[in-house]
Amino acid sequence: MHRHLASRITAVVAGVLALASVPYVASPAAAADAVTTTDGCLTSVPDPGTTAPVEICFTLFRPAGATKDRPVPMVLHSHGWGGSRTTDPAAFAYLTDAGFGVLSFDQRGFGESGGRAHIENPDVEGKDVQKIVDVVAAQPWVKKQKPGDPVLGAIGGSYGGGYQFVGAFSELRDRGATRFDALVPEITWSSLTESLFPQGVPRTEWATALTAAALPTDALPPLVVRGFAEATATGHVPAYLHDFLDRNGPEWHVRQGRKLDIPVLFGQGATDNLFPLDQGLKNFRRALTDKARAQSLLVGDNGGHTLPSVLPFGSNLDVPLATIDACSLMLGSPTFEDLGLRFLTQNLQGVKTGLEGLGQLHLTTAAGDRCVTVPATAPTTPVELGEVVSTVGVGAPIAYPIAQGPLTIAGSSKLDATLTTLGLDNRAFLGLSVGTSPLDARIVQNNMLPVRESGIVINKPRRGIELPSVAVDVPAGKTLFLTVAPISDMYVGFGSRVVGAMRMKDVVVHLPVTTR
């Protein structure tokens, strides 16, 4: 493995490792702060192709004073990919002190739970989450709307956001309604295939990291390990891997006509180059009913699954990679965790917390010093660029000027063009950048997306080519550029198969320009 790629993947893995059945429940242990902690396991469905039931293990946290006569709402929690459940009551003190019970569980394939991870499949992990909700509903000290239906919220990031959606959507599919009453997913996905393989081009480092993080526990089915290895080796996504991943996210449920009718507080990293900002924006726009969206909000920060962009250079190389969140602060909370507490308090306890900004999107700018609030993030302003040319497979990035500052971009840009290509499998990488000249222009929030065209084409129209979703203030004296590169370090090794050229003429960039 290339030394540069290996060292980056090591850093990625270190960062990422951050009543159908009656459960087994161990003897409770009282914590120092009077929170009662109980460990247990339940029996869930077998892994596909097997017959042995799988145990899913959990820890319950019952706050002081929670009784059958004084029941409390519950909050589910689960871990990120490669992690395990939280067992320390201190980690949830902010919730239990506020009158919430908590259940944290090991997802299938991780921690003490059995089976293999099917990456939030509705027929596998979806069933696991439903059975976890059954456990919650069986606790006499948990507040219920009706028998079997607890007052229930959920928290967690990355894979810990994925379980929230697979649980809520699988209940909607299987039961006609979900028992979740509010969700707080962070840095998670809408579509796994789109996140890992945009336009069928592997995000090399992240696909490799996903596999590496699962190796210590043998969590992934062999089919998936083989599929990721094949994609990494060839630059093409095998059909069986695409089919395995396709159903494992909100986007698939939306295609089936399902939408959630519950409030959701989305947290999404604008600098996230595994599950980028556009994944949260698509969930906000597509996965909720109009009524639910009006009661929801999205906060974008400069965090998430973040690697600095070196080729081409990214704007966040000079910004600390710790989460920079101007929007939670603007909304009256020092942290997103506190904002989530206010959101759950308002939706599960019915207590007004002064929460504003519902129905809107709140995006931290690239510099991290401002929060831009917009009602929508679709492009509003077309700019004609003329002709754009890039070598494919090899060569230097080229930055084409779009507009002079001062202006603010907040949302999802698109590009229309007429393509001519001279290679067999042509891949170039596009991103918005800011600088005083093409020589010092840096990619905004470290994200690029591929434009891919197979074979030789002459003057082929392409409309709606996605550019990375960003929030950035372009100050006076600087320029917004379109950077076109033959390679990108997020897709190491997966530029074009052979050297060639891609010409885009009649280029129009559609920008989400805002005055806010």
Side-chain angles (χ1 to χ4, degrees), residues 193-205 231-232 234-237 273 276 278 309-314 379 382-403 412-435 437-439 441-444 446-470 479-511:
T193 53
E194 188 178 80
S195 295
L196 292 169
F197 314 114
Q199 290 211 24
V201 181
R203 274 193 169 103
T204 318
E205 295 177 346
T232 301
T234 67
H236 296 280
V237 182
N273 32 43
D278 73 279
S309 178
V310 177
L311 185 64
F313 282 111
V383 179
E384 296 182 5
L385 290 193
E387 185 169 276
V388 169
V389 178
S390 174
T391 58
V392 291
V394 60
I398 303 173
Y400 295 86
I402 299 175
S412 305
S413 300
K414 295 184 182 296
L415 182 147
D416 298 334
T418 301
L419 266 63
T420 296
T421 59
L422 301 178
L424 298 179
D425 185 1
N426 308 276
R427 307 174 184 191
F429 301 91
L430 310 177
L432 296 175
S433 57
V434 175
S437 74
L439 296 178
R442 290 193 170 191
I443 299 297
V444 176
N446 299 353
N447 266 303
M448 301 193 82
L449 283 174
V451 53
R452 183 180 185 183
E453 189 64 50
S454 298
I456 297 173
V457 299
I458 307 296
N459 294 332
K460 178 181 178 180
R462 289 281 300 271
R463 299 290 179 265
I465 297 170
E466 289 192 41
L467 300 177
S469 301
V470 300
T479 301
L480 180 71
F481 294 90
L482 172 70
T483 290
V484 183
I487 57 175
S488 166
D489 53 5
M490 294 302 122
Y491 307 83
V492 169
F494 297 119
S496 298
R497 302 293 86 192
V498 296
V499 177
M502 179 182 293
R503 183 185 74 176
M504 292 181 277
K505 66 177 184 179
D506 303 325
V507 174
V508 179
V509 178
H510 300 269
L511 300 171

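What you see is a predicted model, and the numbers here were worked out from it, not measured in a lab.
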- Message: When you compare the side chain of Asn459 with that of Arg503, does any pair of heavy atoms fall below 4.5 Å?
- Response: yes
- Query: What's the shortest heavy-atom distance between Val237 and Ala231, and which atoms?
  - Reply: CA-CB, 4.4 Å
- Spacing of NE2 belonging to His236 relative to CG belonging to Asp425, to within rounding of 0.5 Å: 5.0 Å
- Message: Taking the side chain as everything from C-beta on, heavy atoms only, tell me whether Glu466 gets closer than 4.5 Å to Lys414.
- Response: yes
- Message: Give me the atom names and distance for the closest heavy-atom approach of Pro486 to Pro397.
- Response: CD-N, 4.3 Å
- Item | Separation of Asn273 CG from Asn446 CG (nearest 0.5 Å) | 6.0 Å
- Message: As a test of understanding, state which of Leu419, Val484, Asn426 forms a side-chain contact (heavy atoms from CB on, under 4.5 Å) with Val451.
- Response: Leu419
- Any side-chain heavy-atom pair of Ser433 and Arg442 under 4.5 Å: no
- Value rounded to 0.5 Å, distance of CG in Leu467 from CD1 in Ile465: 8.0 Å
- Message: A side-chain contact here means heavy atoms from C-beta on lying under 4.5 Å apart; do Thr421 and Met502 qualify?
- Response: yes
- Task: Mind checking salt bridge (Lys or Arg N to Asp or Glu O under 4.0 Å) for Arg463 and listing every partner two or more places apart, or none if nothing turns up?
- Result: none
- Query: Are any side-chain N or O atoms of Arg203 and backbone N or O atoms of Ser195, one a donor and one an acceptor, separated by less than 3.5 Å?
  - Reply: yes
- For the student: nearest non-hydrogen atoms of Phe481 and Pro438, plus distance: CZ-N, 3.6 Å
- Query: How close do Pro202 and Phe197 get, heavy atom to heavy atom, and via which atoms?
  - Reply: CA-CD2, 3.6 Å
- Please say which of Leu432, Val470, Val383 ends up in a side-chain contact (heavy atoms from CB on, under 4.5 Å) with Ser413. Leu432
- So, the side chain of Arg427 versus the backbone of Pro450: is there a donor-acceptor pair under 3.5 Å, distance only? no
- Message: Any heavy-atom pair between the side chains of Leu385 and Met504 that's under 4.5 Å?
- Response: no
- Query: Taking the side chain as C-beta and beyond, is there a heavy-atom pair between Val201 and Phe429 under 4.5 Å?
  - Reply: yes
- Task: Please report the C-alpha distance between Leu449 and Leu430 in whole Å, then the side-chain angles of each, then the deciding distance to 0.1 Å, and finally whether the side chain to side chain contact (heavy atoms under 4.5 Å, CB included) criterion is met.
- Result: CA-CA 5 Å; Leu449 283 174; Leu430 310 177; 5.8 Å; no
- Task: In sequence, state the C-alpha distance, the side-chain angles, and the governing distance for Leu415 and Leu482, and then conclude on side chain to side chain contact (heavy atoms under 4.5 Å, CB included).
- Result: CA-CA 10 Å; Leu415 182 147; Leu482 172 70; 3.6 Å; yes
- How close do Pro379 and His510 get, heavy atom to heavy atom, and via which atoms? CB-O, 3.3 Å
- Task: Report yes or no: does Asp416 contribute a side-chain atom to a donor-acceptor pair with the main-chain N or O of Gly464 at less than 3.5 Å?
- Result: yes
- Hey, mind stepping through Leu480 and Leu511 against side chain to side chain contact (heavy atoms under 4.5 Å, CB included) and telling me if it holds? CA-CA 11 Å; Leu480 180 71; Leu511 300 171; 3.9 Å; yes
- Message: Within this structure, what is the OG1-CD distance for the pair Thr418 and Glu387, rounded to the nearest 0.5 Å?
- Response: 10.5 Å
- Message: Going by the rule salt bridge (Lys or Arg N to Asp or Glu O under 4.0 Å), which residues pair with Lys505 if we only count those two or more places apart in sequence or in a different chain?
- Response: none
- Message: Can a donor-acceptor pair be found, under 3.5 Å and without considering hydrogens, that links the side chain of Ser412 to the backbone of Ser469?
- Response: no
